[in-house]
There are 2 protein chains.
Amino acid sequence: MIDAPQNSVFDASGHDHGACIHDALARAETLCQQQGLRLTAIRRRVLELIWENHRPTKAYDLLNTINAERGNAAPPTVYRALDFLLDAGLIHKIESLNAFIGCDAGHGDGHPKFLICRACERVAEIPSPAVDNALAREAKRAGFTIDHETIEIGGTCAACAHRG
Amino acid sequence: MIDAPQNSVFDASGHDHGACIHDALARAETLCQQQGLRLTAIRRRVLELIWENHRPTKAYDLLNTINAERGNAAPPTVYRALDFLLDAGLIHKIESLNAFIGCDAGHGDGHPKFLICRACERVAEIPSPAVDNALAREAKRAGFTIDHETIEIGGTCAACAHRG
DNA sequence: CTTAAAATGTTATATACTAACGATTGAATA
DNA sequence: TATTCAATCGTTAGTATATAACATTTTAAG
């Protein structure tokens with residue numbers, strides 16, 4: 001009963017973290033190559049740190065790490081890398097946490113939506129055509145054209161609820 | 001003067017702005033009286049400024065205004081008033097803008113959801129049981145217990161789209 | 001090679017928010 | 001009415017988040 005829950009979007013069982021990071025970086029390399037974008041050393045390292053952390057990661061935590069490694073990072077160093085990664089669709093910003101998380105490519109064509117566990121700080125990026133459709137209907141009713149959706153659902157994941 | 005769009009949740013036609021502010025403050029007075037909360041001068045003024053602006057309003061804009069009026073406001077002056085108003089449900093925070101807007105009491109029991117026009121900066125608070133239900137189903141599927149929803153849809157309102 | 005654009009380094013500053021503690025106010029009641 | 005305790009507010013200081021502006025370096029294209 002202490003095991004991680006099965007069949008959950010938060011499920012980490014069978015998760016090879018090293019492979020997960022590696023895959024994310026490989027996907028980033030491919031995407032940048034395809035789009036003619038430059039995944040420079042700093043940008044790559046920032047993306048890697050975000051995936052290593054595997055939780056919403058703060059800009060200044062990245063800054064401190066990079067500084068420890070290279071010694072000469074200032075805020076713009078990190079924010080510029082983050083801006084690049086956001087524009088490339090390789091990370092998402094969690095507005096309600098002022099933090100950043102890797103895009104897990106699980107949301108397909110829809111807008112990204114996040115379940116955020118306040119207990120373990122993990123985030124699940126979920127697809128939901130039903131939510132997208134409902135929002136599209138509301139927007140249409142209002143004559144509103146959607147550019148971007150910020151959908152961040154805070155609460156408690158199954159595993160943390162079980163732990164009490 | 002900004003043109004008033006027609007037939008929209010953004011619709012401001014037939015909108016008597018003075019009455020709108022007055023009504024919001026009257027609702028606040030009533031609610032505080034009912035709940036035994038104290039709508040002090042600062043809190044009342046902050047709420048009034050937010051409604052006067054009728055757009056997402058930044059804490060430091062409030063601070064500057066209050067300072068011009070009273071001369072001795074510091075950040076905690078404004079943030080404490082904002083915390084009170086948030087707790088009382090009289091305003092909402094728009095996370096994607098780090099700004100605050102009056103609660104228009106239009107969302108009923110559901111979680112608040114916002115359509116945010118990037119052109120005119122106006123915000124419509126929309127109810128949508130369909131969205132709430134779809135999210136509830138997704139959460140249930142994931143074994144996730146929802147505490148709070150941040151739903152902020154950015155885009156262009158009908159009036160701004162028409163203006164080109 | 002040259003050069004223009006992109007990326008990065010660097011300094012400074014703006015914006016967002018909170019901790020801590022003393023002073024004041026106000027409502028409840030001795 | 002005086003006392004008192006909690007809520008509110010004033011004030012100082014500090015931390016966290018993010019951007020402006022301009023100099024320098026790197027890179028890809030001509």
Side-chain angles (χ1 to χ4, degrees), chain A residues 28-29 32-47 49-50 53 55-88 90-101 121 150 152, chain B residues 28-29 32-47 49-50 53 55-88 90-101 121 150 152:
Chain A
E29 299 276 12
C32 288
Q33 195 132 48
Q34 284 169 351
Q35 316 248 24
L37 302 173
R38 288 167 54 193
L39 191 63
T40 62
I42 297 173
R43 292 165 177 177
R44 191 177 179 353
R45 184 64 183 132
V46 167
L47 181 61
L49 288 170
I50 290 171
N53 194 21
R55 276 167 177 68
T57 304
K58 301 264 184 179
Y60 272 65
D61 290 341
L62 294 166
L63 178 56
N64 289 336
T65 303
I66 302 258
N67 240 328
E69 292 174 358
R70 313 168 77 259
N72 65 339
T77 308
V78 162
Y79 281 103
R80 286 195 285 231
L82 291 170
D83 285 344
F84 170 86
L85 296 169
L86 285 168
D87 286 349
L90 292 167
I91 62 172
H92 298 294
K93 181 171 186 186
I94 307 292
E95 298 285 355
S96 58
L97 299 175
N98 292 323
F100 302 85
I101 191 152
E121 298 186 286
T150 298
E152 302 171 5
Chain B
E29 298 276 13
C32 288
Q33 195 132 49
Q34 284 170 353
Q35 316 249 23
L37 302 173
R38 288 167 54 194
L39 190 62
T40 62
I42 295 173
R43 293 166 177 179
R44 192 184 148 80
R45 184 63 183 134
V46 166
L47 181 61
L49 287 170
I50 289 171
N53 194 21
R55 278 167 176 66
T57 304
K58 302 262 183 178
Y60 270 62
D61 289 341
L62 293 167
L63 178 56
N64 289 336
T65 303
I66 304 257
N67 241 328
E69 291 174 357
R70 312 169 77 261
N72 64 340
T77 308
V78 161
Y79 281 103
R80 287 196 282 231
L82 290 170
D83 285 344
F84 171 86
L85 296 169
L86 285 168
D87 286 348
L90 292 167
I91 61 172
H92 297 296
K93 180 172 184 184
I94 307 293
E95 297 285 354
S96 58
L97 298 175
N98 292 323
F100 302 85
I101 192 151
E121 299 185 286
T150 299
E152 302 171 4

Measuring from the side chain of [X] (C-beta onward, heavy atoms only), which nucleotide among [options] has the closest atom?
X: B:Asn98; options: C:dA16, C:dT8, D:dT12; value: C:dA16
X: B:Pro76; options: C:dA19, D:dC9, C:dT8; value: C:dA19
X: A:Pro75; options: D:dT11, D:dT19, D:dG10; value: D:dT19

DNA chain C contacts among residues 33-41 of chain A, heavy-atom distance under 4.0 Å: A:Arg38, A:Thr40
Between B:Tyr79 and C:dT18, does any side-chain N or O lie under 4.0 Å from OP1 or OP2? no
Tell me: CG of A:Leu97 to P of D:dT17, nearest whole Å? 11 Å
When rounded to whole Å, the CG to P distance for the pair A:Leu82 and C:dT8 reads 12 Å
Look at the side chain of A:Arg43 and the backbone N and O of A:Arg38, then say whether any donor-acceptor pair between them is shorter than 3.5 Å. yes
Looking at residues 57-72 of chain A, who's got a heavy atom less than 4.0 Å off DNA chain D? A:Lys58, A:Tyr60
Result block: side-chain N/O donor-acceptor pairs under 3.5 angstrom for residues 56-64 of chain B, not counting sequence neighbours:
{"from": "B:Thr57", "atom 1": "OG1", "to": "B:Asn53", "atom 2": "ND2", "distance (Å)": "2.6"}
{"from": "B:Thr57", "atom 1": "OG1", "to": "B:Arg55", "atom 2": "O", "distance (Å)": "2.8"}
{"from": "B:Lys58", "atom 1": "NZ", "to": "B:Leu97", "atom 2": "O", "distance (Å)": "2.8"}
{"from": "B:Asn64", "atom 1": "ND2", "to": "B:Tyr60", "atom 2": "O", "distance (Å)": "3.2"}

Using a cut-off of 6.0 Å, state whether more than 12 heavy atoms not belonging to A:Gln33 lie near its atom CD. no
Check this for me: A:Glu121, atom CD, are more than 12 non-hydrogen atoms of other residues, nucleotides or ligands nearer than 6.0 Å? no
Residue whose nearest DNA chain C nucleotide is more 5′ - B:Arg80 or B:Lys93: B:Lys93
Apply side-chain hydrogen bond (donor to acceptor under 3.5 Å, both in side chains) to residues B:Ser96 and B:Glu152 and explain how you reach the verdict. CA-CA 7 Å; B:Ser96 58; B:Glu152 302 171 4; 2.5 Å; yes
